[in-house]
Amino acid sequence: MSDMNKSFKPLSKKAKLAAFGLTTALIATGIVGGFAYHSHAVEQGCKDSLALFQSQSNEIKSNIKSVDISIGNVTGDKALPHTAEFDKSKAGVKDIKALQDVAKELKKHSSDTVGKCSSSAELDKIEVITQSRQEVIDEFEVVTKAFNKDVDKHRLKVATKEAKDTMESAKTNLAKVHEEVASYIKEVDSKSDMASDNEVKQAYDKVKATDDATAKLSTTVVTKTYKDAVESIDKAKAIVTEITKLTEDLEELKITITDYHNERNAVVVGRGGAASASGWIGPSTTRTAAHNPNCNGEWSQRFNICVTQEMRERSAYIMNMQPWEVSTDIVASDHTGPVDLFRSQEAMDAMREFYKTGRLP
């Protein structure tokens, strides 16, 4: 027999009772501790889930409003600039439908309710609801992100087109006005007596300053971002405003030049005849509008007609001359005389002969 068997001694009855009591106490302690831990876990889980449910309710309410705002931003009277036709585009139709669908799901979950939570079963029910809600909330985020991306892309495209078209139109019109201004500037520069006239000089300096300023305006269009495109649109509109100002200044110069020539002709009339920039046209029969209150221009006694600025410019255009180079009687003859300037080259030549000699062929 081994040494171990030799040294083994059976436990006494008292020892066995003590060991059994210790084992039972340990088992009981484990059971009570486990139950206490489980109860605490359920309590904390309920607390967290109910807080999440409330947070989701607030988020769902906000998201439903957000859908209405998003769709309103691209449709109706309150749509954002440069969103026209987005709702009819392929991307727009898809995005708006996706928003409407997710809004329906959000509205369904807005009526979710939960009861008390004090057991594992009740906690499980609440967690199922919050999980379902979270899935719809996450879907809303995805759909909204896609919608905003497509809207931004559409707005940039539309704004870019507007910026380029508006600027191109502005550049074309500005070039035309610059060309017309140049012709009048050249006219004044070529005649020292006219350039030294105070009223002409004031109008000349004004239009030249505006003309020089507009020549320095930037016409570069940048459309890398939507903000860039809008700034380019504003830049083009500012040029249009400057064109209007330049045109007004030019009209003022035209008037002063016309007045200058009229005053010079009036001096010649006072000496017994009328003169023009190119030749003598015989005794004057012109009266000023002051002698004919109903005439908004100059009165031609010879042809018994009121000559307006529009009539003068028309005749000057036909004869390839400046308005101030055409006398009042010549303009009057265009509209009432025996020759109709607007029918044939022969008639135009006849009028030019009348302009030079004062006689019709």
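Just so it is clear, the values below take in all heavy atoms, side chains as well, and ignore hydrogens, waters and symmetry mates.
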Can you confirm whether Arg133 sits close enough to Leu52 that some side-chain heavy atom of one is under 4.5 Å from a side-chain heavy atom of the other?
no
Please walk me through it: do Lys176 and Glu179 pass salt bridge (Lys or Arg N to Asp or Glu O under 4.0 Å)?
CA-CA 5 Å; Lys176 289 180 180 178; Glu179 184 177 357; over 6 Å; no
Do Ile60 and Ile137 come close enough that some side-chain heavy atom pair is under 4.5 Å?
yes
Any salt bridge linking Glu85 with Lys157? Criterion: basic side-chain nitrogen under 4.0 Å from a carboxylate oxygen.
no
Can you find a heavy atom in the side chain of Ile96 that is under 4.5 Å from one in the side chain of Val74?
yes
For the residue pair Ser70 and Leu99, what are the closest heavy atoms and their distance?
CB-CD1, 4.0 Å
Evaluation steps, side chain to side chain donor-acceptor pair (under 3.5 Å), between Ser55 and Asn58
CA-CA 5 Å; Ser55 175; Asn58 295 334; 5.9 Å; no
Is there a donor-acceptor pair closer than 3.5 Å between any side-chain N or O of Ser232 and the backbone N or O of Val222?
yes
For the student: nearest non-hydrogen atoms of Ala236 and Thr166, plus distance
CB-CG2, 3.4 Å
What do the steps show when you test Glu231 against Lys227 for side chain to side chain contact (heavy atoms under 4.5 Å, CB included), and what is the final call?
CA-CA 6 Å; Glu231 289 177 351; Lys227 182 181 178 181; 3.4 Å; yes
Please examine the side chains of Lys206 and Thr256, heavy atoms only from C-beta on, and report whether any two atoms are closer than 4.5 Å.
no
List the steps, then state whether side chain to side chain contact (heavy atoms under 4.5 Å, CB included) holds for His178 with Asp211.
CA-CA 7 Å; His178 276 316; Asp211 188 58; 2.4 Å; yes
So, do Lys61 and Ser110 sit near enough that their side-chain heavy atoms are less than 4.5 Å apart?
no
In short, Thr223 meets Ala163 closest at the heavy-atom pair CG2-CB, 4.4 Å
Show the numbers, then the answer: is there a side chain to side chain contact (heavy atoms under 4.5 Å, CB included) between Glu59 and Phe140?
CA-CA 11 Å; Glu59 192 171 359; Phe140 165 81; over 6 Å; no
Run the salt-bridge test on Asp101 and Lys97 with the 4.0 Å N-O cut-off and return the result as yes or no.
yes
In this structure, would Ile64 and Val143 fall into the same cluster of hydrophobic residues linked by side-chain contacts under 4.5 Å?
yes
Pick from Val93, Asp150, Asn73: which one makes a side-chain contact (heavy atoms from CB on, under 4.5 Å) with Phe86?
Asp150
Minimum heavy-atom distance Thr210-Asp249, with the two atoms named:
OG1-OD2, 2.7 Å
Residues Lys224 and Leu156: closest non-hydrogen pair is O-CD2, 4.1 Å
Distance (rounded to the nearest 0.5 Å) between Leu250 CG and Ile257 CD1
8.5 Å
Quick one: does Lys237's side chain get under 4.5 Å of Thr241's, heavy atoms only?
no
Should Asp205 and Lys201 count as an ion pair when the cut-off is N to O under 4.0 Å?
yes
What I want to check is whether the side chains of Glu122 and Ser118 have a donor and an acceptor closer together than 3.5 Å.
yes
Applying the side-chain contact (heavy atoms from CB on, under 4.5 Å) criterion to Ile239, which one of Leu217, Asp234, Thr244 satisfies it?
Leu217
Nearest 0.5 angstrom please: Glu199 CD to Leu253 CG, how far?
12.0 Å
Check for me, please, whether Leu123 and Leu50 land in the same ILVMFWY cluster - side-chain distances under 4.5 Å, paths through other members count.
no
Please report the interatomic distance CD(Gln56) to CD(Gln131), rounded to the nearest 0.5 Å.
10.0 Å
Check against salt bridge (Lys or Arg N to Asp or Glu O under 4.0 Å), Lys254 and Glu180:
CA-CA 11 Å; Lys254 289 180 181 180; Glu180 187 176 7; 2.6 Å; yes
Hydrophobic clustering (ILVMFWY, side-chain heavy atoms < 4.5 Å, transitive) - are Val240 and Met167 grouped together?
no
Determine, step by step, whether Thr220 and Lys235 satisfy the side chain to side chain contact (heavy atoms under 4.5 Å, CB included) criterion, reporting the C-alpha distance in whole Å, the side-chain angles of both residues, the deciding distance to 0.1 Å, and the verdict.
CA-CA 9 Å; Thr220 302; Lys235 185 193 296 184; 4.3 Å; yes
Ser132 (side chain) donor-acceptor with Val128 (main chain) under 3.5 angstrom
no
So, taking the atom named CG in Leu246 and the one named CG in Leu174, what distance separates them when rounded to the nearest 0.5 Å?
7.0 Å
Joint cluster assignment, Val177 & Tyr204, ILVMFWY side-chain distance < 4.5 Å
yes
Are Val102 and Ile129 linked, directly or through other ILVMFWY residues, by side chains that come within less than 4.5 angstrom of each other?
no
Pairwise distance NZ(Lys191) to NE2(His261) - rounded to 0.5 angstrom
4.5 Å
Would you say Gln202 and Asn198 are linked by a side-chain donor-acceptor pair, where the criterion is simply a distance under 3.5 Å?
no
Taking all heavy atoms of Tyr260 and all of Val200, pick out the closest pair and write down the distance.
CB-CG2, 4.0 Å
One should read off an interatomic distance between Glu252 CD and Ile255 CD1, to the nearest 0.5 angstrom, of 7.5 Å
Check this for me, if you would: do Glu105 and Lys108 make a salt bridge, where the nitrogen-to-carboxylate-oxygen distance has to be below 4.0 angstrom?
yes
Under a plain distance cut-off of 3.5 Å, with no hydrogens placed, do Ser66 and Asn63 share a side-chain donor-acceptor pair?
no
